[in-house]
Amino acid sequence: MVYLDRRELALGFATVAVTNSLIGTAAQAAGGIKPDGASALIVVDVQNCFLPGGSLAVKDGDQVVPVINKIAKGFANIVMTQDWHTAHHVSFASSHAGKKPFDVVDLPYGKQVLWPDHCVQGTDGANLSKNLELPTAQLIIRKGFHNDVDSYSAFLEADKKTSTGLASYLKARGIKTVFVTGLATDFCVAWTAIDARAAGFTAYVVEDACRGIDASGSMAKAWADMTKAGVKKIQSADLTV
Ligand code: VGL
Ligand code: ZN
């Protein structure tokens, strides 16, 4: 009899646990994630070249700006990134005879998608969108400035060895969780979020604060890779700001 009682008790606890986890999910969906002093917003590559009219325009790329501006109000720590290429960068199709944008070539560090010329240092296309309102942004990480190595990630260049210093910076500032937004979901946002996990951060991607390029299924692959790496997908409405 005693054992039966205990079993009933155990079942009762299991029911309570399941109920609590359902409530937890509901609370999260209704705006339950609150950034704190150990959280940083990362705003990836919201630059003229990736906006409508730019040389590597991401469809509806400008729509991320008001969403980012809104959630930014909840963050004391914001890092922006800026794709910052040399004039004849190895990632440009124009640097490879006979190649065109979106072709893929083998480079010493692996496969490289070739892009139209974009985000050349010092040009207007490389400027950050003038519509961003991020008064608490304290750091801009420029990346992709080594002529022979691309860098989608804000943490590590495409050789997977050269660090931008961002992980050390965030750790020195006591940051434990990053929320990644910007352009493009399937390249610089995804690689940044995955490398954030590899560096030991909790990483969220705010889906409606990002837009993708989606070349040859890259969007589905990026989400699968992010999920596998433990990156969590949320919406801006899930954040309390
Ligand atoms: C990006 C392609 C080339 C990005 C940068 O910001 O996602 N994509 N360079
Ligand atoms: Zn680039």
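Both counts, for ligands and for their atoms, begin at 1 and track the order of listing. Because the structure is predicted, anything quoted here is derived from the model rather than measured.
Taking the ring axis of Phe155 as reference, the NZ or CZ atom of Lys143 does not stay both within 45° of it and closer than 6.0 Å to the ring centre.
Residue Asn147 comes nearest to His88 through the heavy atom pair OD1-O, 3.3 Å, listed as atom of the first residue, atom of the second, then distance. Nearest approach of Val65 to Ser129, heavy atoms of both residues: CG2-OG, 4.2 Å.
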| message | Assess the residue pair Asp103 and Lys100 against the criterion (salt bridge (Lys or Arg N to Asp or Glu O under 4.0 Å)); give the C-alpha distance rounded to whole Å, side-chain angles, the decisive distance to 0.1 Å, and a yes or no. | response | CA-CA 6 Å; Asp103 284 351; Lys100 53 185 194 314; 3.2 Å; yes
| task | Begin with the C-alpha distance, continue with both residues' side-chain angles, and end with the deciding distance and a verdict on side chain to side chain contact (heavy atoms under 4.5 Å, CB included) for Asp150 and Trp115. | result | CA-CA 11 Å; Asp150 205 359; Trp115 304 105; 4.1 Å; yes
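The Asp45 neighbourhood of ligand 1 comprises atoms 4 (C), 6 (O), with distances under 4.0 Å to a heavy atom of that residue. Within ligand 1, counting atoms from 1 as listed, the ones closer than 4.0 Å to a heavy atom of Ala184 are 4 (C), 6 (O), 7 (O). Taking a cut-off of under 4.0 Å to the non-hydrogen atoms of His118, the atoms of ligand 1 that pass are 3 (C), 9 (N). Listed by atom number, the atoms of ligand 1 under 4.0 Å from Cys188 heavy atoms are 1 (C), 4 (C), 5 (C), 6 (O), 7 (O).
At a threshold of 2.8 Å, the Zn ion (ligand 2) has no backbone or side-chain N, O or S atom of His89 nearer than that distance.
Note on His118: its N/O/S atom closest to the Zn ion (ligand 2) is NE2.
No more than 12 heavy atoms of other residues, nucleotides or ligands sit less than 6.0 Å from atom NZ of Lys221.
The nearest protein atom to atom 5 (C) of ligand 1, hydrogens excluded, is given as Asp83 OD2, 3.2 Å; this is a heavy-atom distance.
Looking at heavy atoms from C-beta onward, Phe75 lies out of side-chain contact with Val43 at the 4.5 angstrom threshold.
The heavy atom nearest to atom 2 (C) of ligand 1, considering only Phe50, Trp191, Phe187, Trp115, is found in Trp115.
The Zn ion (ligand 2) is the vertex of the angle joining OD2 of Asp83 and NE2 of His85, which measures 90° to the nearest 10°.
At a heavy-atom cutoff of 4.0 Å, ligand 1 is contacted by the backbone of Leu183 but not by its side chain.
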